[in-house]
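Please read the structure below before turning to the comments.
Numbering of ligands and ligand atoms starts at 1, following listing order. In this text, all values refer to a predicted model and were calculated from it rather than measured experimentally.
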Amino acid sequence: MTTQQGTVLVTGASSGIGAVYADRFAGRGHDLVLVARNRERLEAVAETLRRRHGVAIRTVAADLASRAGLAEVEAILSTDARITHLVNNAGFGSAAPLASASVDEMERMIAINVTAPMRLTYAAVPALRARGAGTVINIASIVAIGPEVLNGVYGGSKSFVLAFSHALRKELDGTGVAVQVVLPGATGTEFWDIAGLPASNLPADWVMSAEDLVDAALVGLDRGEFATVPSLRDAAEWEAWEAARRTMLPHLSSARPAERYRTA
Ligand code: NAP
């Protein structure tokens, strides 16, 4: 069966947050393209959702850290006119300090957390823009605000996702293409096992379920929110941070150094 709602492509849909996005969009009547490396797990998620929601689901087993895997998904995004939503979710993190982390693993992290969402967005946006409708959802992290909290390359990669989303939103303003960036706090998924710090080590009242995280993010999406931080109680704190950034912006370029840096 194919629906009229538009197809949602979700990366990292074989587990955790991506699998919940897949379930929720299927529940809203969207067909899906689900991407991850593990073909068996991806098919199992797809089969459950086909039975539960009766939508059409294509699975694509691809490694988004490889050029070939990325190219396969880029080709789908740039040629399948039914795709209306891109959820850039696939990624992994690390708790290892700089001094003990493998630099090759850090490079793989940049490939999946930075290069993949950037290239997939470039592949998807021209068609969405031409149609004057569509949605790009980028999964960042609260470490985008505090890149020193976990591994620094992970923090830097998620700061990129936030910064890229800001620029994307500005560029796409008025085109009908919406951009949302989601900043999850600690979420109870396999992420933490892969990062080398199982979530059982964290205080229980820090860790949100992937279901609550995605449902909250979708409330933000439905409200047309740009940045959604599901665990932040007081939205005024985010607004104050944004206001401070915007206050500084006009003062950041000058032909002369600021007074405090002038030589005597
Ligand atoms: P997860 O359960 O480990 O899910 C990660 C997903 O990404 C899996 O489906 C995995 O599938 C896929 N993936 C990983 N590497 C891939 C690659 N090279 N190519 C294609 N797919 C790949 O973790 P999660 O918590 O749901 O993470 C989803 C996103 O949320 C990530 O971007 C993460 O940084 C972000 N996030 C998580 C938390 C948290 O506390 N959990 C907090 C903030 C942000 P395969 O292994 O089958 O490829």
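If you check each of Phe92, Phe191, Tyr154 against atom 3 (O) of ligand 1, the one with the closest non-hydrogen atom is Phe191. Checking Ser14, Ser66, Pro184 against atom 9 (O) of ligand 1, the nearest heavy atom belongs to Ser14. Counting heavy atoms only, Ser15 comes closest to atom 4 (O) of ligand 1 of the residues Ser15, Ala90, Gly16. Compare Asn89, Ile139, Asn88, Val182 by their heavy atoms: the one nearest to atom 32 (O) of ligand 1 is in Asn89. Of the options Ala62, Ala144, Gly185, Ala111, the smallest heavy-atom separation from atom 20 (C) of ligand 1 is shown by Ala62.
Annotation for ligand 1: atoms under 4.0 Å from non-hydrogen atoms of Ile194 are 3 (O). Less than 4.0 angstrom separates some heavy atom of Ala13 from each of these atoms of ligand 1: 9 (O). For ligand 1, the atoms sitting less than 4.0 Å from at least one non-hydrogen atom of Asp63 are 17 (C), 18 (N), 19 (N), numbered in the order shown with element in parentheses. Within ligand 1, counting atoms from 1 as listed, the ones closer than 4.0 Å to a heavy atom of Ala186 are 40 (O). Taking a cut-off of under 4.0 Å to the non-hydrogen atoms of Trp192, the atoms of ligand 1 that pass are 39 (C), 40 (O), 41 (N).
The shortest contact between atom 5 (C) of ligand 1 and any protein heavy atom is with Gly91 O, 3.7 Å.
Remark: Arg256 CZ is loosely packed, at most 12 non-hydrogen atoms of other residues, nucleotides or ligands lying under 6.0 Å away.
If you check the side chains of Asn138 and Ser165, you find a donor sitting under 3.5 Å from an acceptor.
When only interatomic distances are considered, the shortest N/O to N/O separation between Leu64 and ligand 1 falls below 3.5 Å. The shortest N or O to N or O distance between Ile17 and ligand 1 is below 3.5 Å. The N/O atoms of Ser141, backbone and side chain alike, include none that comes under 3.5 Å of an N/O atom in ligand 1.
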Please evaluate residues Arg28 and Asp222 with respect to the criterion salt bridge (charged side-chain N to carboxylate O under 4.0 Å, His left out), reporting the C-alpha separation (whole Å), side-chain torsions for both, the decisive distance (0.1 Å), and the verdict. CA-CA 12 Å; Arg28 292 175 173 214; Asp222 292 342; 2.8 Å; yes
